[in-house]
Amino acid sequence: MPELPEVETIVRRLARRLPGRTVIRADVRRPNVVRGSPRKLERALEGATIASVSRRGKFLVFRLEDGRVWWSHLRMTGQWRVERPRRGSARRAGRARAARDAPADPYARAVFDLDDGSRLTYVDVRTLGEMEVLTARGWARREAAMGVEPLSPAFTPDLLDDLLDHSGRQVKEFLLDQAKIAGIGNIYASEALWRARISPRRRARNVGPVRAMALHAAIVGVLQDAIRKAGTTLGETSQDYVDSDGVPGGFAEFLAVYDREGEPCRRCGTPIRRIVQGQRSTYYCPTCQR
DNA sequence: GGTCCGACCTGGCAGC
DNA sequence: TGCTGCCAGGTCGGAC
């Protein structure tokens with residue numbers, strides 16, 4: 001499930017290829033992956049040139065040269081794939097065109113042909129992901145509702161302490177609130193709390209400044225470590241995360257608690273416990289997280 | 001305003 | 001072998 005490190009990995013790949021490219025044909029195959037009218041999105045993108053690719057929280061942000069913003073949220077199983085342009089003989093080019101026009105990936109929900117012959121495909125098994133084209137002002141309004149970017153200088157231990165102090169929720173659920181901190185999901189919330197030795201059930205306002213400082217370092221550390229390993233891929237099914245080249249992430253083997261129920265804590269050996277908070281699994285060590 | 005919870009979505013998998 | 005039902009979880013909207 002793509003969280004900040006996975007989206008950042010995809011953005012870095014796409015940012016090498018897409019800026020300067022113009023969409024010559026847009027084809028939305030499943031309407032529910034578009035917020036609003038699919039035909040309107042197709043019309044909005046055909047002829048548009050991508051200026052840059054970036055990330056805000058878990059959102060992919062394609063800035064267009066005319067100032068508009070094309071955002072995409074991958075939710076659980078969304079993926080972006082890029083097929084490079086094929087070079088070679090006319091016959092090979094013909095075969096390549098035929099291959100592109102054939103119904104390829106059964107989970108390709110939207111397809112964008114670019115001016116260099118490459119193809120950008122949005123793949124989503126469960127079709128929970130969404131995309132939309134907004135004006136610069138519309139995107140600014142949406143962005144304003146998001147919380148602090150955890151890898152930005154604005155995210156400080158003092159800010160985290162202040163945010164925690166004003167919440168009565170359990171700290172694990174607090175970390176998942178995108179209006180507070182944008183980008184942390186279920187995996188990295190559990191991992192950061194383990195690194196900071198904080199129980200996921202502790203009330204946010206009871207974390208205190210000392211633990212808040214440890215949690216700040218843990219959040220930044222685990223996100224940076226996961227980005228260095230290109231994100232977390234838990235399995236090998238069509239629903240598991242891969243980057244835009246189809247390559248899985250390598251952070252799963254470094255997970256301390258997530259998806260390790262019953263296995264020994266890497267610090268104290270106590271079996272990792274799984275509980276449900278806010279309808280989601282939380283993994284933690286009952287001995288060294290307090 | 002803050003918090004909680006159901007709905008959305010479909011492949012994978014356990015149990016029968 | 002085939003069927004059934006549960007599980008995964010990010011976000012939104014409605015209820016409290």
Side-chain angles (χ1 to χ4, degrees), chain A residues 1-8 10 28-36 38 55-61 71-80 105-110 122-132 134 138-139 141-147 149-150 162-193 200-207 223 226 231-242 248-249 252 255 257-262 274-284:
Chain A
M1 58 269 352
E3 302 180 28
L4 187 154
E6 290 75 32
V7 178
E8 179 67 25
I10 293 167
V28 176
R29 297 173 179 178
R30 275 291 286 264
N32 53 338
V33 301
V34 172
R35 181 171 295 192
R55 178 190 59 74
R56 177 71 172 94
K58 301 175 193 172
F59 285 76
L60 269 111
V61 181
W71 65 257
S72 159
H73 197 299
L74 306 172
R75 296 283 179 95
M76 295 301 300
T77 56
Q79 301 171 0
W80 280 102
D105 191 324
Y107 306 117
R109 310 306 192 187
Y122 178 69
V123 177
D124 194 344
V125 172
R126 284 159 62 183
T127 66
L128 287 167
E130 275 189 306
M131 66 181 76
E132 186 180 27
L134 291 175
W139 171 249
R141 271 198 298 272
R142 186 166 184 83
E143 198 177 11
M146 296 182 207
E149 190 65 39
D162 189 53
L163 290 170
L164 289 164
D165 215 25
H166 289 85
S167 173
R169 311 175 79 175
Q170 295 183 337
V171 62
K172 160 72 180 336
E173 293 194 59
F174 166 87
L175 291 177
L176 297 181
D177 187 344
Q178 303 301 298
K180 302 289 192 301
I181 305 171
I184 301 174
N186 208 38
I187 295 176
Y188 300 110
S190 285
E191 292 297 308
L193 288 167
R201 291 199 264 220
R202 180 178 282 274
R203 293 284 162 186
R205 68 165 62 99
N206 294 336
V207 168
L223 294 176
T232 300
T233 300
L234 294 169
E236 295 179 11
T237 73
S238 56
Q239 300 192 39
D240 289 295
Y241 160 77
V242 291
L255 293 174
V257 285
Y258 189 84
D259 205 28
R260 294 191 65 237
E261 184 182 15
R274 175 185 171 274
I275 57 173
V276 175
Q277 291 179 289
Q279 302 163 297
R280 291 175 187 81
S281 295
T282 298
Y283 298 87
Y284 73 108

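Each chain gets a letter, A, B and so on, in the order the sequences are listed, and its residues count up from 1. Just so it is clear, the structure is predicted and the values come from calculations on it, not from any experiment.
Contact check, A:Ser167 against B:dT3: a side-chain N or O comes under 4.0 Å of OP1 or OP2. Between A:Lys180 and B:dG2 there is no side-chain N or O to OP1 or OP2 distance below 4.0 Å. Contact check, A:Arg35 against B:dC8: no side-chain N or O comes under 4.0 Å of OP1 or OP2. Put simply, A:Arg274 has a side-chain N or O that comes within less than 4.0 Å of OP1 or OP2 on C:dA8. Contact annotation: A:Gln279 side-chain N/O to B:dC4 OP1/OP2 distance is not under 4.0 Å. In this model, the phosphate group of C:dA8 is not approached by any side-chain N or O of A:Gln239 to a distance below 4.0 Å at OP1 or OP2. One finds no side-chain N or O of A:His166 lying less than 4.0 angstrom from the OP1 or OP2 phosphate oxygen of B:dG2. In this model, the phosphate group of B:dC4 is approached by a side-chain N or O of A:Arg169 to a distance below 4.0 Å at OP1 or OP2.
In this entry the distance linking NZ of A:Lys58 with P of C:dG9 reads 11 Å, nearest Å. Distance A:Gln170 CD to B:dC5 P: 10 Å, rounded to the nearest Å. Rounding to whole angstrom units, CG of residue A:Asp124 and C1' of B:dC9 are separated by 9 Å. For A:Arg75 and C:dG10, the CZ to P distance is 10 Å, given to the nearest whole Å. Regarding A:Arg203, its CZ atom lies at a distance of 9 Å from the P atom of B:dT3, rounded to whole Å. As rounded to whole Å, 13 Å separates atom C1' of C:dC7 from atom CD of A:Glu261. Rounded to an integer number of Å, the gap from A:Tyr241 OH to B:dG11 P is 22 Å. Look at CG on A:Asp259: it is 10 Å from P on C:dA8, rounded to the nearest Å.
Of all heavy-atom pairs between A:Ile275 and A:Pro200, the closest is CD1-CG, 4.4 Å. Of all the heavy atoms in A:Gly231 and A:Pro5, the pair that sits closest is CA-CB, 4.4 Å.
Along DNA chain B, the nucleotide nearest to A:Thr237 and the one nearest to A:Glu173 differ in position, and the one closer to the 5' end is contacted by A:Glu173. Remark on DNA chain B: of its neighbouring residues A:Arg205 and A:Arg30, the 5'-side contact belongs to A:Arg205, judged by nearest-heavy-atom nucleotide.
When the nucleotides C:dG10, C:dG9, B:dC9 are ranked by their closest atom to the side chain of A:Asn32, B:dC9 comes out on top. Ranking C:dG10, B:dC9, B:dG11 by closeness to the A:Tyr107 side chain, first place goes to B:dG11.
Residue contacts shown for A:Glu130 are absent, as no nucleic acid heavy atom lies under 4.0 Å away. Across all strands, A:Ser281 comes closer than 4.0 Å only to sugar-phosphate atoms, never to a base (heavy-atom distances). If you check every strand for non-hydrogen atoms under 4.0 Å, A:Arg109 touches nothing. Among the atoms of the strands shown, none is found under 4.0 Å from any heavy atom of A:Gly129.
For the 3.5 Å distance criterion, the side chains of A:Ser281 and A:Arg274 qualify, holding a donor opposite an acceptor. A donor and an acceptor atom, one from each side chain of A:Tyr107 and A:Gln239, are nowhere located under 3.5 Å apart.
Pair assignment for B:dG1: none, as no Watson-Crick or G-U wobble contacts are both less than 3.5 Å.
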Test side-chain contact (heavy atoms from CB on, under 4.5 Å) applied to A:Trp80 and A:Leu60, step by step: CA-CA 10 Å; A:Trp80 280 102; A:Leu60 269 111; 4.0 Å; yes
Between A:Asn186 and A:Lys172, does the side-chain contact (heavy atoms from CB on, under 4.5 Å) criterion hold? Intermediate values first, please. CA-CA 9 Å; A:Asn186 208 38; A:Lys172 160 72 180 336; 2.7 Å; yes
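No salt bridge links A:Asp124 with A:Arg30; every basic N to acidic carboxylate O contact stays at or beyond 4.0 Å.
Counting atom types as modelled, A:Arg142 pairs no side-chain N or O with a base atom of C:dT11 as donor and acceptor under 3.5 Å. With hydrogens and angles ignored, a donor-acceptor pair under 3.5 angstrom links the side chain of A:Arg280 to the base of C:dG10.
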